[in-house]
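Atoms within a ligand are numbered from 1 in the order they appear, just like the ligands themselves. Excluded from the calculations below are hydrogen atoms, water molecules and symmetry mates; all remaining heavy atoms, backbone and side chain alike, are included. Residues: numbered from 1 along the sequence shown. Just so it is clear, the structure is predicted and the values come from calculations on it, not from any experiment.
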Amino acid sequence: MIRKEINISYREYDFADELPENERILAEKAIEATNRSYSPYSKFHVGAAVKLSNGEIITGANQENIAYPSGLCAERTAMYYASAAYPDIAMEAIAIAASQNGRLCELPASPCGACRQVMAEYQTKAGKNMKIILAGAKKILVFERVDDILPFIFDSLK
Ligand code: THU
């Protein structure tokens, strides 16, 4: 038996203006997208912004439904939109933000397992890391690749 450990490194910022400019711009797009959330049931407005390798930024927001399971998270709304519009273009980064009562949440929203799995799919498909930026008003986290938020990603043990 061998006991093993995994180490995940990520960047954490207290102020958005400390982020590299391209990351700050993507985070701002995710924050803007929270305004386009349709979330009458949870009133939790999530926005996501996907940066494509052609420079385009695609945004999405969570879409709820009176039949609750029919709704979709902001991240998957944005990624599916990006993939449907630009099937052959890699997604280089995704930023996520959430707001409540008209204000950006202090701590970032962390994507659910299903959204992480969808990120994993597109990262594998592109053969290129997808960066994840979780933007809160008082804390911003940046992960360089999906593996860092989804260890033991499907097929990673090959
Ligand atoms: N939600 C997202 O859109 N993304 C997340 O990362 C967390 C949760 C949505 C789902 C639902 O519409 C609302 O937030 C409350 O859970």
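- Between Lys128 and Glu92, at least one side-chain nitrogen of the basic residue sits less than 4.0 Å from a carboxylate oxygen of the acidic one, meeting the salt-bridge criterion.
- Annotation for Ile96 and Ala109: closest pair CG2-O, 4.3 Å, computed over non-hydrogen atoms.
- Between Lys125 and Pro87, the shortest heavy-atom distance links the atoms NZ-O, 2.6 Å.
- Considering His45, Gln100, Gln63 as possible partners of Ser39, the one that fulfils the side-chain contact (heavy atoms from CB on, under 4.5 Å) test is His45.
- Sorted by chain and number, the residues within 4.0 Å of ligand 1 by heavy atom are Ser42, Phe44, Val46, Asn62, Glu64, Cys73, Ala74, Glu75, Ser110, Pro111.
- Note on Ile132 and Ile31: separate hydrophobic clusters, where clusters join Ile, Leu, Val, Met, Phe, Trp and Tyr whose side-chain heavy atoms are under 4.5 Å apart, directly or indirectly.
- Pairing each heavy atom of Arg116 with each of Pro111, the nearest pair is NE-O, 2.7 Å.
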